[in-house]
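Any value given below was found using the heavy atoms of this structure, including those in side chains, with hydrogens, waters and symmetry copies removed. If you're wondering where the values come from, they're calculated on a predicted model, not measured in any experiment.
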Amino acid sequence: MKKGLFALALGTFTLGMTEFIIEGILTDVAHDMNVSIPQVGHLISIYALGVCAGAFSLILMHKYRPKNILMFLTSLITIGAVIASIAPSFWLLLCARFIQGLPHGAYFGTGAIVAVKIAKECKGTSAVAMMCAGMPFANLMGVPLGTFLSHNISWRVPFMMAIVLGLTTLYMIYRWVPNVAALANNGMKAQFRFLRNLAPWLIIFATFLGSAGMLCWFSYISPLLQMEGGFSASSISLLMILAGFGMVVGNLSSGPLADRFKPGRITSCYLLTSALSLLLTFFFSATPWAVALLMFSTCICLFGVGSPEQYLIVKHSEGGEMLGGCCIQAAFNSGNALGALLGGIPVSMNLGFNYPALIGVPLVLAGAICLWVFHKKYE
């Protein structure tokens with residue numbers, strides 16, 4: 001089981017590297033491609049749109065074995081990285097980012113099902129957290145390393161790293177992931193039946209609103225730290241390590257806590273904490289130690305909610321587990337797209353890079369309310 005989960009985690013590491021590297025190399029891409037920082041922010045949004053478009057492809061692929069689906073998706077991750085690494089223009093880079101986003105949601109949705117199937121009894125959330133652990137570790141190690149190499153060599157280097165990671169993941173999935181049976185094929189309509197209930201909608205809306213609120217802030221974390229917090233460009237790599245460490249803490253703590261105290265309750269607490277951190281970020285963005293500490297606490301929350309939400313939707317989408325898992329990733333990444341868009345509005349108006357954090361507060365609070373209602377009604 002551990003080798004299989006490690007192989008899945010390497011895939012989420014590659015996805016994390018691919019998705020979040022843009023936040024660390026915003027200024028490098030902007031200077032090289034001769035575009036503005038808000039325009040480079042579109043690379044975040046287009047990736048998220050690719051996630052939403054690709055996630056629902058599992059409606060057509062659910063009849064295949066999960067292992068085969070994972071190998072196909074990993075191949076697509078690698079192809080997207082190849083195109084991004086050689087893109088000669090900003091518009092082709094946008095297309096490459098869309099392709100990179102296509103396998104994201106489907107990979108998480110399929111991986112979560114495999115993790116739950118091979119998990120020990122009452123350890124489902126912890127198994128999903130192990131599968132998702134690659135994402136925060138990517139932010140702890142891969143993104144800072146990629147950011148450093150981008151600043152000192154080229155912003156294309158992180159995408160070259162993603163090619164190597166993708167090929168390695170493909171091999172490990174082939175060798176180590178159990179070939180679990182395909183889900184029961186009860187027809188197309190049966191996959192959507194779970195959406196008649198309120199529970200999955202509360203989980204989906206909480207995911208969408210929470211990610212939109214936190215990604216308002218995180219989409220512009222690099223210019224916030226430099227232009228508001230006063231940090232130098234050379235220190236951003238170290239700060240990204242701190243952010244990544246917060247994500248690892250959030251991911252590793254959420255699984256055991258959710259298994260013990262109920263996923264809905266724990267996740268709503270993470271969202272409430274993040275709302276407070278975002279509010280304080282707005283007021284103390286000019287204080288370097290404070291903005292760094294608040295970045296750490298918000299990153300704990302950002303990745304503390306993912307595994308419980310992924311587990312909850314699998315448990316509350318009977319007959320449509322793959323679709324449910326994809327819905328969570330689509331909700332997270334459409335929230336990501338909305339967050340980057342909303343966060344870019346005050347930036348375009350020259351209000352300051354601390355305003356995206358303020359915009360995120362009510363969105364995160366709304367997500368916390370959804371999960372608290374879910375907890376009271378269904379747990």
Side-chain angles (χ1 to χ4, degrees), residues 15-16 18-23 26 36-56 94 97-98 100-102 104-106 108-109 135 139 200-224 247 267-268 270-272 274-275 277-279 281-282 295 298-299 301-306 309-310 313 324-349 351-371:
L15 288 168
T18 300
E19 179 176 15
F20 289 106
I21 190 62
I22 291 297
E23 280 84 354
L26 272 175
S36 67
I37 288 178
Q39 282 180 293
V40 180
H42 295 328
L43 294 174
I44 301 169
S45 300
I46 199 70
Y47 182 96
L49 293 175
V51 174
C52 297
F56 297 102
L94 276 172
R97 290 291 291 171
F98 181 79
Q100 287 180 312
L102 289 174
H104 185 118
F108 271 90
M135 183 76 78
N139 283 279
W201 287 110
L202 288 171
I203 301 166
I204 291 167
F205 278 119
T207 304
F208 172 74
L209 293 166
S211 65
M214 286 186 276
L215 270 297
C216 267
W217 157 82
F218 193 74
S219 295
Y220 299 92
I221 187 65
S222 180
L224 168 69
M247 294 174 186
T267 310
S268 64
Y270 275 119
L271 288 176
L272 287 172
S274 69
S277 296
L278 290 173
L279 184 63
T281 296
F282 173 74
M295 176 190 68
T298 309
C299 285
C301 300
L302 177 61
F303 274 75
V305 301
E309 288 170 342
Q310 193 79 52
I313 198 66
C326 289
C327 283
I328 284 299
Q329 289 303 312
F332 177 82
N333 284 277
S334 57
N336 187 346
L338 178 64
L341 177 64
L342 293 178
I345 293 174
V347 173
S348 299
M349 297 171 64
L351 292 178
F353 286 97
N354 58 328
Y355 274 84
L358 183 63
I359 292 175
V361 173
L363 295 169
V364 175
L365 284 175
I369 292 171
C370 288
L371 278 171

Trace of the side chain to side chain contact (heavy atoms under 4.5 Å, CB included) decision for Leu365 with Leu272: CA-CA 6 Å; Leu365 284 175; Leu272 287 172; 3.9 Å; yes
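- To the nearest 0.5 Å, atom CE of residue Met214 and atom CZ of residue Phe332 are 7.5 Å apart.
- Taking CD from Gln39 and CG from Leu94, the interatomic distance works out to 9.5 Å, rounded to the nearest 0.5 Å.
- Proximity of Ile328 to Phe108: side-chain heavy atoms (C-beta onward) are nowhere separated by under 4.5 Å.
- For the residue pair Cys370 and Leu209, the shortest heavy atom distance occurs at SG-CD1, 4.3 Å.
- For Phe282, the CZ atom counts as densely surrounded, since its 6.0 Å shell holds more than 12 non-hydrogen atoms of other residues, nucleotides or ligands.
- Rounded to the nearest 0.5 Å, atoms OG1 (Thr298) and CE (Met247) are 10.0 Å apart.
- With hydrogens and angles ignored, the 3.5 Å screen pairs a side-chain donor or acceptor of Ser211 with a backbone N or O of Phe208.
- Using a 4.5 Å heavy-atom cutoff, the side chains of Leu49 and Ile46 are in contact.
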Test log, rule side chain to side chain contact (heavy atoms under 4.5 Å, CB included), inputs Leu215 and Leu338: CA-CA 8 Å; Leu215 270 297; Leu338 178 64; over 6 Å; no
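- In plain terms, the two heavy atoms of Leu371 and Glu309 that are nearest each other are CD1-OE2, 3.9 Å.
- The aromatic rings of Phe353 and Tyr220 sit tilted relative to each other, their planes meeting at an angle between 30° and 60°.
- Nearest heavy atom pair, residue Gly213 against residue Leu278, reads O-CD1, 3.8 Å.
- Looking only at side-chain heavy atoms (C-beta outward), His42 and Arg97 stay at 4.5 Å or farther from each other.
- Using a 4.5 Å heavy-atom threshold, the side chains of Asn354 and Thr281 count as separate.
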Ile22 vs Tyr47, side chain to side chain contact (heavy atoms under 4.5 Å, CB included): CA-CA, chis, key distance, verdict: CA-CA 10 Å; Ile22 291 297; Tyr47 182 96; over 6 Å; no
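- Tyr270 contributes no side-chain N or O that, together with a main-chain N or O of Ala368, makes up a donor-acceptor pair within less than 3.5 Å.
- The minimum heavy-atom distance between Ala53 and Leu102, with the atom names listed, is CB-CD2, 4.1 Å.
- For the pair Ile313 and Gly324, the tightest heavy-atom approach, listed with the atom from each and the gap, is CG1-O, 3.3 Å.
- Looking at every heavy atom in both residues, Ile359 comes nearest to Leu342 through CD1-O, 3.6 Å.
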Candidate pair Thr207 and Ile204, rule side chain to side chain contact (heavy atoms under 4.5 Å, CB included), full reasoning: CA-CA 5 Å; Thr207 304; Ile204 291 167; 5.8 Å; no
